[in-house]
Amino acid sequence: MNRITLLVIITLFFNSCSPKLIPNEKTESSLIGKINKQIENKTISKEALIYLNEKKISYQSLVELNIFDTKDFPKISYLNKKEGKKEFGKNGKNGVIKMESFLDPLLNYEFYKEINNKEVLEFIEKSSNEGIINKNPLLVVSGKPLRGKEIVNTINELSIEKMTLMKQVIGYRVYGIRAINGVILIDPKL
């Protein structure tokens, strides 16, 4: 065997032994950077289950969340492969990532309970049932994000022309971590 072939075989062997990391264009201190450290330590693998605010999310959603500072995720915990398997059965065999994001207290579900605008309620319910948003999305009326009591006071009195869901990644870029539960853009009738 010549040296080049031997070198290629050795390189392939060592590459196959090292854990596969999640591509990360940001620093090691970014969200994915922190997760990659757990992969390097072999606590979890790249195929780990991912939960955000107790809801399972996709690998692609995790990549989209990497635009946020890690301070926007005050709690991140990892279940190693053994713990993951114990808690989630065979689905947890690659480990589990559990994250909790910052949640604006003025977007808490309590501010949505008194909405009686049927159009808005049906839109939220339908989108929530499809798993696109949570039951307390950021509601933006004519470009103004609503928070706290503004939600009920504005929405209940509104005649609606059009409602649209903002793509999650665009919502993150425009409204930051407040878009974590989804964003509904509402155009009122004039």
Side-chain angles (χ1 to χ4, degrees), residues 4 6-108 127-128 130-138 140 145 147 164-185:
I4 294 175
L6 184 59
L7 190 59
V8 168
I9 290 171
I10 291 171
T11 302
L12 289 173
F13 173 76
F14 282 109
N15 282 341
S16 68
C17 292
S18 64
K20 304 289 183 234
L21 301 179
I22 300 169
N24 184 21
E25 296 173 4
K26 294 187 102 182
T27 66
E28 285 185 18
S29 63
S30 69
L31 179 63
I32 289 179
K34 285 185 161 192
I35 291 169
N36 277 339
K37 285 179 188 169
Q38 297 299 316
I39 294 170
E40 286 173 334
N41 294 338
K42 298 190 176 169
T43 303
I44 59 173
S45 75
K46 183 179 173 183
E47 293 78 27
L49 289 177
I50 310 161
Y51 283 85
L52 174 64
N53 301 329
E54 300 182 13
K55 182 179 173 186
K56 186 178 174 189
I57 64 168
S58 69
Y59 174 86
Q60 181 58 41
S61 293
L62 175 65
V63 171
E64 291 170 358
L65 291 171
N66 202 42
I67 68 168
F68 296 119
D69 289 336
T70 53
K71 70 177 178 2
D72 288 324
F73 300 92
K75 187 173 180 189
I76 302 174
S77 59
Y78 306 91
L79 297 179
N80 65 31
K81 297 167 187 177
K82 184 179 177 183
E83 295 165 332
K85 202 169 180 184
K86 183 177 178 182
E87 189 171 327
F88 293 90
K90 68 179 183 178
N91 293 332
K93 69 182 179 200
N94 295 310
V96 181
I97 304 164
K98 291 182 173 183
M99 304 183 300
E100 290 181 19
S101 68
F102 165 78
L103 296 172
D104 184 339
L106 293 176
L107 295 174
N108 190 302
S127 301
S128 177
E130 291 173 4
I132 301 169
I133 62 170
N134 290 337
K135 292 197 181 261
N136 56 329
L138 182 63
V140 180
R147 296 172 68 224
T164 6
L165 283 172
M166 183 177 260
K167 289 194 181 271
Q168 194 76 35
V169 72
I170 296 170
Y172 292 160
R173 293 198 185 280
V174 175
Y175 298 106
I177 199 71
R178 291 183 299 161
I180 203 78
N181 291 324
V183 178
I184 298 176
L185 303 174

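Remember, predicted model here, so these are calculated numbers, not experimental data.
- Every residue two or more places apart in sequence or in another chain that forms a ring pair (Phe, Tyr, Trp, His ring centres under 6.0 Å) with F68 is listed here: Y172.
- With sequence neighbours left out, the side-chain hydrogen bond (donor to acceptor under 3.5 Å, both in side chains) criterion links K56 to no other residue.
- A pairwise comparison of heavy atoms in I32 and N24 identifies CG2-CB, 3.7 Å as the closest pair.
- Pairs passing the side-chain hydrogen bond (donor to acceptor under 3.5 Å, both in side chains) check and including a residue from residues 71-87, sequence neighbours excluded, read D69-K71, E87-K98.
- The CD1 atom of I22 sits 5.0 Å away from atom CG of N36, with the distance rounded to the nearest 0.5 Å.
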Using a 3.5 Å cut-off and no angle test, enumerate the donor-acceptor pairs between side-chain atoms of residues 58-65 and protein atoms at least two apart in sequence or in another chain.
residue	atom	partner	partner atom	Å
S58	OG	Q60	N	3.4
S58	OG	S61	N	3.0
S58	OG	S61	OG	3.1

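- Every pair tested for ring pair (Phe, Tyr, Trp, His ring centres under 6.0 Å) that includes a residue from residues 21-43 fails, sequence neighbours excluded, so the list is empty.
- Taking R173 as the reference, nothing meets the salt bridge (charged side-chain N to carboxylate O under 4.0 Å, His left out) condition, with sequence neighbours excluded.
- Listed here is the closest heavy atom pair of L103 and N181: CD2-ND2, 4.4 Å.
- Contact detail for S101 and I177: the closest heavy-atom pair is CB-CD1, 4.1 Å.
- For S29, the side chain to side chain contact (heavy atoms under 4.5 Å, CB included) partners two or more places apart in sequence, or in a different chain, are T27.
- Distance check: I76 CD1 to K34 NZ gives 5.5 Å after rounding to the nearest 0.5 Å.
- Partners of E130 according to the salt bridge (charged side-chain N to carboxylate O under 4.0 Å, His left out) rule, which considers only residues two or more places apart in sequence or in another chain, are K126.
- Residues satisfying the side chain to side chain contact (heavy atoms under 4.5 Å, CB included) test with N108, not counting sequence neighbours, are E110, F111.
- Taking every heavy atom of both residues into account, I184 and P137 meet most closely at CD1-CG, 3.8 Å.
- Considering only residues two or more places apart in sequence or on other chains, Y175 meets the side chain to side chain contact (heavy atoms under 4.5 Å, CB included) condition with L138, V140, P145, M166, R178, A179, V183, L185.
- Put simply, the side chain of M99 reaches to within 4.5 Å of the side chain of I57, judged on heavy atoms.
- Qualifying side chain to side chain contact (heavy atoms under 4.5 Å, CB included) partners for K55, counting only residues two or more places apart in sequence or in other chains: N134.
- Separation of atoms CZ (F102) and CG (N53) is listed at 11.5 Å; rounding is to 0.5 Å.
- Proximity of E40 to L21: side-chain heavy atoms (C-beta onward) are separated by under 4.5 Å at one or more points.
- Taking all atoms of both residues into account, the shortest heavy-atom contact from I180 to Q168 is O-NE2, 3.6 Å.
- Between L79 and L49 the shortest side-chain heavy-atom distance does not fall below 4.5 Å.
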Report the C-alpha separation of I35 and I44 in whole Å, then their side-chain angles, then the decisive distance to 0.1 Å, and conclude whether the side-chain contact (heavy atoms from CB on, under 4.5 Å) test is met. CA-CA 9 Å; I35 291 169; I44 59 173; 4.0 Å; yes
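- Every residue two or more places apart in sequence or in another chain was checked for a side-chain hydrogen bond (donor to acceptor under 3.5 Å, both in side chains) with S127, and none qualifies.
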